[in-house]
Amino acid sequence: MSILGERLKALRKEKKMTQVQIAEFLKQTPRAYQYCEAGEHAPELPNLIALADLYDVSLDYLVGRSETRERQP
């Protein structure tokens with residue numbers, strides 16, 4: 001699993017949401033989202049931004065470029 005997939009899964013669980021709920025939020029199939037968490041597919045940029053906003057983390061944190069979750073002002 002990729003760091004992106006690991007972080008997506010961990011953040012989803014922190015929010016107590018299911019993969020189906022996240023897939024609906026992103027307007028995609030549950031299987032498409034499962035591929036993202038498994039590291040087999042990367043979400044498109046608009047979906048990455050939406051996920052970062054949902055979880056209130058930076059894009060750099062989501063993709064593993066930073067260990068700091070907070071978004072910069």
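Treat the numbers as computed from the prediction; the structure is a model and nothing was measured.
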Note, [X] side chain near [Y] side chain (heavy atom, < 4.5 Å):
X     : Y     : answer
Asn47 : Gln28 : yes
Leu48 : Leu4  : yes
Leu8  : Cys36 : yes
Glu24 : Val20 : yes

How far apart are the closest heavy atoms of [X] and [Y], and which atoms are they?
X     : Y     : result
Ser58 : Glu70 : CB-O, 3.9 Å
Ile3  : Val63 : CG2-O, 3.6 Å
Ala52 : Leu62 : N-CD1, 3.8 Å

Nearest 0.5 angstrom please: [X] [atom1] to [Y] [atom2], how far?
X     : Y     : atom1 : atom2 : result
Gln19 : Lys13 : CD    : NZ    : 8.5 Å
Arg7  : Leu51 : CZ    : CG    : 14.0 Å
Lys27 : Tyr33 : NZ    : OH    : 15.5 Å
Gln34 : Thr29 : CD    : OG1   : 8.0 Å

Hydrophobic cluster identity match, Leu11 and Leu45, side-chain contacts under 4.5 Å
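Yes, Leu11 and Leu45 fall within the same hydrophobic cluster.
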
Tyr61 with Leu54, same ILVMFWY side-chain cluster at under 4.5 Å:
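As far as the 4.5 Å side-chain criterion goes, Leu54 and Tyr61 are connected within one cluster.
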
Between the side chain of Ser66 and the main-chain N/O of Thr68, is any donor-acceptor distance below 3.5 Å?
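Answer holds: yes.
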
Mark yes or no for whether Arg12, through its side chain, and Met17, through its backbone, hold a donor-acceptor pair below 3.5 Å.
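Looks like yes, one N/O pair under 3.5 Å.
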
